[in-house]
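Both backbone and side-chain heavy atoms feed into the values below; hydrogens, waters and symmetry mates do not. Nothing here was measured: the structure is a model prediction, and the numbers come from that model.
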Amino acid sequence: MKRPLAYITAAWSGSKIENAETAARYCRQVYDAGYSPICPILLTGRFLHDAVPQEHKDGIDIARDYLRRSRVLVVCGRSIDETVKNDIATAERLRITATTLDGILTVKGQGRGDSNSR
């Protein structure tokens, strides 16, 4: 079975190590919900240097390409920053469904439970 791609976004605010650990947890939850997670902070953060202007721009371009290829945008965490707002606006413009991690997990949970309780 092919899993739909899910682009993971959040307002990253910790150190690179903390952000990577948090992103990995989000990705695992999305994976467990039946999606193939794509999280640019985990992918480009390992080889691009954000302090170099051209690499910063390239990172944004790469992330936008990942989002274009995704079926759903998953907003994780409790806060929203400009990057998350831009991701939501881009998804809306491209007609890509946007939801929260809680939304994905709630929908996943609807198919479980006692089938006799209907």
Side-chain angles (χ1 to χ4, degrees):
M1 180 174 109
K2 187 174 180 182
R3 294 168 172 260
L5 297 177
Y7 183 97
I8 310 302
T9 190
W12 309 110
S13 60
S15 70
K16 279 189 169 189
I17 293 170
E18 289 171 348
N19 287 342
E21 289 172 356
T22 301
R25 280 195 311 275
Y26 292 153
C27 286
R28 181 62 203 208
Q29 290 176 301
V30 170
Y31 169 79
D32 287 341
Y35 293 85
S36 292
I38 297 174
C39 188
I41 197 167
L42 291 177
L43 301 170
T44 60
R46 305 247 186 232
F47 63 89
L48 291 180
H49 302 284
D50 212 34
V52 177
Q54 184 60 49
E55 291 190 20
H56 175 78
K57 181 192 176 308
D58 290 344
I60 292 170
D61 291 344
I62 291 168
R64 291 291 170 259
D65 187 46
Y66 290 148
L67 179 54
R68 279 186 200 91
R69 296 167 188 251
S70 298
R71 172 108 31 102
V72 63
L73 168 70
V74 182
V75 179
C76 301
R78 299 280 178 231
S79 59
I80 302 288
D81 65 4
E82 285 304 311
T83 300
V84 175
K85 288 179 185 177
N86 288 336
D87 288 340
I88 293 168
T90 299
E92 185 176 293
R93 190 172 63 253
L94 296 171
R95 292 189 162 89
I96 296 169
T97 300
T99 187
T100 62
L101 179 58
D102 289 340
I104 290 279
L105 298 177
T106 299
V107 169
K108 177 190 174 224
Q110 295 302 313
R112 296 194 174 169
D114 185 7
S115 61
N116 294 329
S117 62
R118 289 185 194 185

Salt bridge or not for D50 and K57, using N-O below 4.0 Å? no

Backbone N or O of V52 within a donor-acceptor pair of the E55 side chain at under 3.5 Å? no

Please walk me through it: do D58 and Q54 pass side-chain contact (heavy atoms from CB on, under 4.5 Å)? CA-CA 6 Å; D58 290 344; Q54 184 60 49; 2.8 Å; yes

Return the minimal non-hydrogen interatomic distance between L105 and A33, and the atom names on each side. CD2-CB, 4.5 Å

Do I41 and V30 land in one hydrophobic cluster if side-chain heavy atoms of ILVMFWY residues count as linked below 4.5 Å? yes

To the closest 0.5 Å, what do you measure between CZ (R78) and CG (L101)? 9.0 Å

Hydrophobic cluster membership, with links at side-chain heavy-atom distances under 4.5 Å among I/L/V/M/F/W/Y: are L67 and I38 in one? yes

Between D87 and Y7, is a side-chain contact (heavy atoms from CB on, under 4.5 Å) present by the stated rule, with each step listed? CA-CA 9 Å; D87 288 340; Y7 183 97; 3.7 Å; yes

CG of D81 to OG of S13, rounded to nearest 0.5 Å, is 8.5 Å

Mind checking whether Y26 and L73 sit in one hydrophobic cluster, side chains of I, L, V, M, F, W, Y counted as touching below 4.5 Å? no

When rounded to the nearest 0.5 angstrom, what distance separates CZ in R64 from CG in L94? 9.5 Å

Shared ILVMFWY cluster between Y66 and I8, side chains joined below 4.5 angstrom? no

Would you say the side chain of Y35 lies within less than 4.5 Å of the side chain of I104, judging by non-hydrogen atoms? yes

Taking I88 as the starting point, is it possible to reach W12 by hopping between hydrophobic residues whose side chains are less than 4.5 Å apart? no

Taken in chain and number order and not counting sequence neighbours, the residues that satisfy salt bridge (charged side-chain N to carboxylate O under 4.0 Å, His left out) with R95 are none

Spatial distance of atom NZ (K85) from atom OG1 (T90) [nearest 0.5 Å]: 14.0 Å

Between the main-chain N or O of G103 and the side-chain N or O of T100, is there a donor-acceptor pair closer than 3.5 Å? yes

Any non-hydrogen side-chain atom of V75 less than 4.5 Å from a side-chain atom of T99? no

Do other residues, nucleotides or ligands put more than 12 heavy atoms under 6.0 Å from the CD atom of E92? no

Shortest non-hydrogen contact from A23 to L42? CB-CG, 3.8 Å

Just verifying a value: how many Å separate S36 OG and R71 CZ, rounded to the nearest 0.5 Å? 10.5 Å

Using every non-hydrogen atom in the two residues, find where C27 and P37 come nearest and quote the distance to one decimal. O-CG, 3.4 Å

Under 3.5 Å, is there a donor on one side chain and an acceptor on the other for E82 and N86? no

Write down the atom of R69, the atom of L5, and the distance for their closest heavy-atom approach. O-CD1, 3.4 Å

